Amino acid sequence: MLNWGIPGAFIWSLFILPVIFLYFLRMRFRRQPISSIYIWSRLKQYSDGATRIKRRSILLLSLQILAVLAATIALAQPSWIIRRLEPPGVLILLDVSASMAAIDDKDSRLERAKSLAVQQIERLPEESMVMVFICGADANPLGEPTSDKRQLKRRLDLISPQGTGFSETQVAGTIKAWLEMQERPWSAWLITDGGLDLGGRLLSAIFDGEIQVLDVGNHGHNIGVTGLRVLKDEVSFQVVNGWPESRHITVRLEQNDQLVTREKLEVESGISRHTIQLPVQENKEGLYVISLEEKDMFSMDDRYLLALNPSRRIRVLCAGPTNPFLRAALNHSGIILTEKSSITSQDITTNNWDLIVADRVEVPAGVNTHLLTFGSLPPDAPAKFGDEISGMISNVESEHPLLRYVDFTSQVAQGYKYHMDRGVQILATIDGSPVIISWEKEGRCHVAWGTSLLDSDLGLSGAFPVFLQNMLSWCVPQGNNPLAYTLLTGKSEVFWEAPDWKVEGESFNIIRKGQRIVVEAKYPGMAVWRQGEKEGIIAANLPARELDLAPRRLGGIKEASLHSAEYFSRRTPLTFWPILMLLVFLVFEWLVWRGWRPVLMKGGERHGMD
């Protein structure tokens, strides 16, 4: 069935009328006086000039009309639609989160899931299209949709469990985006042990609550450890007991591969917290491991790693006249503060600073770290100072991280407004004119204040310390947090490190943008990071929800049978062909206009001369 995407485009066919009008307007008939009708008829018999002109001009007119029609058809976006009755495609969502590695009986839950998937595929009609997504931290397609059952089995054989949890937000977003690009209707099977972090709510919404759920979990008889913390003279950790009764376990605590203590505990059913006394020690840095000696159905949760590295203090250079407000706000044990009267070119090209604060001093171009200025701008900034302004500062409607919990309302200031290039974000205004702006340069955050703390009420307000804390958190996300290098698998964390900072090992994905580094752990484990002569530990563990292996029925999902056959429409665009014909007509017209004559015209001319 022929379909027109834009039927209204046929109005352009009216351009045929001016083409015909111009054709007749161009025609000029040469007047020649004759003495009699006899002489004129004799002349017409032996002269083919009039016939030749007529044929050539009519051919040009025809080509122009055909070109207009071809252009009109192309604008109407024709397509050929074939409708046929077909069963919907089957979308298999296979849970490959860490808990699917648990062994209920003889086989792991993932092996049972793959067997169930094969059984369901075998029951489908031969022509049924099947698409498989493996779902963990995200949904990843396993090839393209196919009706080849042997190929589907080979794909399923290659699947192995991931070391992450099931992120329903990410999975549902990917599945929804994929479905929006499909013309065929799809029904869904979800093969899981019920470990979805949101209980299936988002997946249920995509398929209107109708998903065929195949549960592969038998029981949750498992014990795992999580949440290890090192306190002053003891360690604290949690035990997740999936048995219906209390159990006796033996735990080992190690520090840097050395056994610290070994304890026997009785743990109640469910989640319980326990502490173990630490011997007196001066150095608490390094890798701590709490582990279970007893083996059970799920080995990934039998130990928990904690990486304690030397404190990462934020290095701040504060340049300018003495400012008591800045000094008080930067007086913190997690900050190394250096004060200078000016900024040199060497200060901006070294890696000695995490943040440079310029208070009413000149800033050279090419700053290679985060920058906060008051009443000054670097020469390469995408903004310039405008007129002087004073009044009440107003917040802007923005979710910028620097404005988190910041309220400039009712603060009075005087300074200069900014004229900005595109891409600069406005953080605060006075009478609608920007006075605090921000922009990013190669992953570094630059913030400029058109006022100073001494020319405003901001130094005495609670807004500035919060703003500065947000700025420091943006500069060095890990800050002075000793737990920053203990990650959860499948979750990305942001660090600010020197260019030579690197992690040894393949368990961590590293994405760099200047000194801003995004780290994501793929599997539980540890690795060593190095920066020059410095080194430390980075560790990753399972999310706590993966330790609860008890099968859970997903909420908001109705058990649905496969949908009956529906009419499936396949659309084939045809726009290419009228465009091609348009080009052919235009080229042919140009050739005729340049004097080329088709064979028919030549034959007609010879016939007229005979």
Side-chain angles (χ1 to χ4, degrees), residues 1-31 44 47-89 127 129 131 141 144-147 176-186 422 565-609:
M1 180 178 64
L2 187 62
N3 178 267
W4 303 100
I6 308 178
F10 280 103
I11 195 172
W12 294 101
S13 61
L14 296 177
F15 270 99
I16 294 176
L17 298 178
V19 169
I20 296 175
F21 175 76
L22 292 174
Y23 164 76
F24 285 109
L25 192 64
R26 288 197 309 268
M27 296 295 295
R28 293 291 184 268
F29 297 97
R30 185 175 180 183
R31 294 180 179 274
K44 183 178 179 182
S47 175
D48 63 341
T51 304
R52 184 190 316 163
I53 294 175
K54 183 177 180 182
R55 288 181 178 176
R56 178 174 177 272
S57 60
I58 289 178
L59 179 59
L60 288 173
L61 175 63
S62 302
L63 291 174
Q64 291 169 1
I65 292 175
L66 290 174
V68 172
L69 290 175
T72 302
I73 294 174
L75 290 173
Q77 297 183 7
S79 60
W80 187 259
I81 297 179
I82 301 176
R83 296 190 68 200
R84 58 178 180 270
L85 193 64
E86 286 189 1
E127 67 277 7
M129 296 296 292
M131 180 65 181
E144 296 294 330
T146 181
S147 58
K176 184 177 180 180
W178 185 84
L179 288 172
E180 289 175 351
M181 296 187 295
Q182 306 300 311
E183 296 180 350
R184 176 192 298 271
W186 291 84
R422 296 183 62 181
E566 299 179 12
Y567 276 103
F568 169 65
S569 299
R570 182 180 297 276
R571 182 187 299 270
T572 303
L574 302 177
T575 308
F576 168 78
W577 298 107
I579 293 177
L580 178 62
M581 295 306 299
L582 171 63
L583 295 176
V584 170
F585 293 146
L586 293 177
V587 171
F588 196 25
E589 180 191 0
W590 180 80
L591 291 174
V592 174
W593 181 76
R594 295 286 295 178
W596 177 75
R597 288 174 291 177
V599 175
L600 292 177
M601 287 182 59
K602 295 178 181 179
E605 292 172 9
R606 289 193 298 269
H607 177 74
M609 294 183 64

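For clarity, every value in this text was computed on a predicted model and none was experimentally measured.
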Trainee: Excluding sequence neighbours, so at least two apart, what forms side chain to side chain donor-acceptor pair (under 3.5 Å) with Ser79?
Mentor: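 Expected list: Arg571.
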
Trainee: Identify the residue among Leu61, Thr72, Val68 that makes a side-chain contact (heavy atoms from CB on, under 4.5 Å) with Ile16.
Mentor: Val68

Trainee: Under the side chain to side chain contact (heavy atoms under 4.5 Å, CB included) rule, collect the residues that match up with Ile579, sequence neighbours excluded.
Mentor: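 Only Ala74, Thr575 meet the side chain to side chain contact (heavy atoms under 4.5 Å, CB included) criterion with Ile579.
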
Trainee: Can you name the residues that form a side chain to side chain contact (heavy atoms under 4.5 Å, CB included) with Pro145, not counting sequence neighbours?
Mentor: Met129, Met131, Trp178, Trp186

Trainee: Rounded to the nearest 0.5 Å, what separates atom CG in Leu586 from atom CD in Gln64?
Mentor: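 Answer rounded to 0.5 Å: 9.5 Å.
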
Trainee: With a 6.0 Å cut-off (strictly less than), is the heavy-atom count around CD of Glu127, excluding the residue itself, greater than 12?
Mentor: yes

Trainee: Can you name the residues that form a side chain to side chain contact (heavy atoms under 4.5 Å, CB included) with Trp4, not counting sequence neighbours?
Mentor: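 Only Leu2, Pro7, Phe10, Ile73, Ala76, Pro78 meet the side chain to side chain contact (heavy atoms under 4.5 Å, CB included) criterion with Trp4.
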
Trainee: How far apart are the C-alpha atoms of Ile65 and Ile20, what are their side-chain angles, what is the distance that settles it, and do they pass the side chain to side chain contact (heavy atoms under 4.5 Å, CB included) test?
Mentor: CA-CA 8 Å; Ile65 292 175; Ile20 296 175; 4.2 Å; yes

Trainee: Evaluate whether atom CD1 of Ile11 has more than 12 neighbouring non-hydrogen atoms of other residues, nucleotides or ligands under 6.0 angstrom away.
Mentor: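 Not buried by this count: 12 neighbours or fewer within 6.0 Å.
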
Trainee: Roughly how far, to the nearest 0.5 Å, is CZ of Phe588 from CG of Leu66?
Mentor: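 The distance works out to 10.5 Å.
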
Trainee: With Trp12, which residues qualify under ring-ring contact (aromatic ring centres under 6.0 Å, His included), at least two apart?
Mentor: Phe15

